[in-house]
Amino acid sequence: MDFSNLHTILRSLYDEMMPLCEDMAGVAQAIAGLGALFFVAYRIWRSLAAAEPIDVFPLLRPFVIGFCIMFFPSVVLGTINSVMSPIVQGTASMLEGQTLDMKKYREEKDRLEYEAMMNDPSTAYLVDDAEFDRQIDELGVTEIGTAAGMYIERGMYKVKKAIQNFFRELLEMLFQAASLTIDTIRTFFLIVLAILGPISFALSVWDGFQSTLTQWICRYIQTYLWLPVADLFSTILAKIQVLMLQNDISELTNNPNIDLDGSNAAYTVFMIIGIIGYFTIPTVAGWIIQAGGAGNYNRAVNNTAMQVGSGAASVGGAVAGNVAGRAGKLLK
């Protein structure tokens with residue numbers, strides 16, 4: 001599954017839905033026009049009744065909001081997206097750099113692990129078919145028990161690697177799925193806020209609804225920040241994996257007897273942490289800019305993340321324990 005293509009589709013979806021803002025502009029202009037009439041009339045009447053001079057500057061607020069409604073996609077959304085876009089691009093470039101480093105070090109670790117096992121005659125036949133065939137050919141007829149043991153050990157090694165690779169790919173898929181879930185919800189929120197944004201602006205003209213304007217801006221920016229926060233979180237996890245890979249490479253270079261099962265278990269733990277951590281992104285974005293109205297959603301998402309992470313940890317522990325137990329019995 002190409003998750004990067006799915007993220008691109010979500011970006012295209014947002015762009016395709018933006019023209020719908022213009023459909024709401026007519027309704028919003030009518031609401032804002034009626035609100036402006038009452039807004040201006042009330043303040044002029046109050047000033048005349050109190051025999052006070054009329055302050056013209058506050059009376060311009062409805063007209064400025066009306067101008068924003070008329071050109072909402074370009075003036076409001078275009079301005080906010082243009083200001084926030086460099087943040088998204090900067091975090092995306094950081095993530096791309098760490099991901100490339102992680103792929104490079106992973107390939108280097110796999111190569112050194114293969115060479116370390118090839119240099120040890122007791123493990124070379126496990127990873128190389130030619131070496132396995134050579135050692136089998138060298139055995140005599142009386143050593144059929146040894147040959148059978150080699151076949152069993154090689155089969156168990158392949159099963160162990162297959163289970164490890166399957167579980168690693170499963171966690172990586174869940175990690176990418178968590179990222180896609182956050183991006184999908186973010187895109188949905190942005191589309192709803194963008195399409196109904198003119199209505200929020202129009203209602204802010206009426207007395208008692210002035211805070212609607214600032215709340216809409218806060219919520220839109222907070223939701224927009226989900227993507228750069230997610231990229232930063234992924235960058236941190238990628239950096240941790242790079243440091244772990246660098247440590248494994250150093251151990252493989254200096255210590256040929258290293259046991260990499262502990263490193264694989266640590267990698268699994270960090271993947272589970274990453275799956276849980278992705279669902280805390282809305283909370284972190286709320287620390288950057290405050291916006292009310294998403295508290296229940298954040299609690300529900302965090303509870304779901306804890307349940308998913310607990311289930312993944314249980315499955316991971318069971319699989320890892322089973323593989324380790326079988327490997328221990330095999331080595332004995």
Side-chain angles (χ1 to χ4, degrees), residues 4-40 56-95 180 182-232 281-282 285-286 288-294:
S4 60
N5 187 38
L6 296 178
H7 288 286
T8 303
I9 291 175
L10 291 176
R11 307 293 181 275
S12 301
L13 174 64
Y14 176 83
D15 295 334
E16 292 292 332
M17 297 293 288
M18 283 306 97
L20 296 179
C21 298
E22 299 178 357
D23 298 337
M24 301 300 297
V27 178
Q29 288 176 17
I31 297 174
L34 186 61
L37 178 63
F38 285 100
F39 182 89
V40 174
V56 179
F57 185 77
L59 301 180
L60 298 178
R61 182 175 184 271
F63 300 99
V64 175
I65 294 177
F67 174 80
C68 293
I69 293 174
M70 292 176 60
F71 304 98
F72 191 82
S74 57
V75 173
V76 179
L77 296 179
T79 301
I80 296 177
N81 294 341
S82 299
V83 173
M84 303 300 296
S85 180
I87 301 176
V88 176
Q89 295 175 0
T91 54
S93 63
M94 294 169 57
L95 176 60
L180 183 62
I182 291 297
D183 197 8
T184 302
I185 297 174
R186 169 185 177 270
T187 303
F188 168 72
F189 282 2
L190 288 180
I191 290 175
V192 171
L193 288 171
I195 293 177
L196 298 180
I199 302 298
S200 298
F201 273 59
L203 291 175
S204 67
V205 176
W206 294 77
D207 287 330
F209 295 93
Q210 289 88 347
S211 61
T212 303
L213 178 61
T214 56
Q215 284 294 318
W216 183 92
I217 296 175
C218 289
R219 286 173 184 151
Y220 188 89
I221 295 177
Q222 183 192 71
T223 306
Y224 199 97
L225 287 174
W226 286 15
L227 183 58
V229 171
D231 288 342
L232 284 176
I281 287 173
I288 301 173
I289 179 171
Q290 292 292 331

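In what follows, every heavy atom counts, from backbone to side chain, and hydrogens, waters and symmetry copies are set aside. All residue numbers in this chain count up from 1 along the given sequence.
To the nearest 0.5 angstrom, Thr187 atom OG1 is 11.0 Å from Ile182 atom CD1. Annotation: the span from Thr212 atom OG1 to Ile199 atom CD1 amounts to 12.0 Å, rounded to 0.5 Å. Note: Cys68 SG to Leu213 CG = 8.0 Å, rounded to the nearest 0.5 Å. Atoms CD1 and CG, on Ile221 and Leu190 in that order, are 11.0 Å from each other to the nearest 0.5 Å. In this structure, CG in Leu227 is found 11.0 Å from CD in Gln89, a value given to the nearest 0.5 Å. Note that the OG atom of Ser74 and the CE atom of Met18 stand 13.0 Å from one another [nearest 0.5 Å].
Pairing each heavy atom of Ile69 with each of Ala28, the nearest pair is CG2-CB, 3.7 Å.
Residue pairs satisfying the ring pair (Phe, Tyr, Trp, His ring centres under 6.0 Å) criterion with at least one member in residues 8-36, sequence neighbours excluded, are absent. Legend: salt bridge (charged side-chain N to carboxylate O under 4.0 Å, His left out) pairs involving residues 70-94, not counting sequence neighbours: none detected. Within the structure, salt bridge (charged side-chain N to carboxylate O under 4.0 Å, His left out) contacts touching residues 182-198 (residues at least two apart or in different chains) are Arg11-Asp183, Asp183-Arg186. Here ring pair (Phe, Tyr, Trp, His ring centres under 6.0 Å) pairs that include residues 195-217, with residues two or more places apart or in two chains, are Phe38-Trp206, Phe72-Phe201, Phe72-Trp216, Phe201-Trp216, Trp216-Tyr220.
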Exercise for the section: Mind running side chain to side chain contact (heavy atoms under 4.5 Å, CB included) on Ile80 and Met84 for me, showing each step along the way? Expected result: CA-CA 6 Å; Ile80 296 177; Met84 303 300 296; 4.1 Å; yes

Handout entry: Stepwise side chain to side chain contact (heavy atoms under 4.5 Å, CB included) check, Tyr224 with Ile87
Key = CA-CA 10 Å; Tyr224 199 97; Ile87 301 176; over 6 Å; no

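Under the 3.5 Å distance criterion, the side-chain polar atoms of Ser85 are left unmatched by any main-chain donor or acceptor of Ser82.
At least one side-chain heavy atom of Thr214 sits less than 4.5 Å from a side-chain heavy atom of Ser211.
Between Phe71 and Phe67, the distance from one ring center to the other falls under 6.0 angstrom.
Checked against salt bridge (Lys or Arg N to Asp or Glu O under 4.0 Å), Asp207 has the following partners two or more places apart in sequence or in another chain: Arg43. Judged as a ring-ring contact (aromatic ring centres under 6.0 Å, His included), and not counting sequence neighbours, Phe39 has no contacts.
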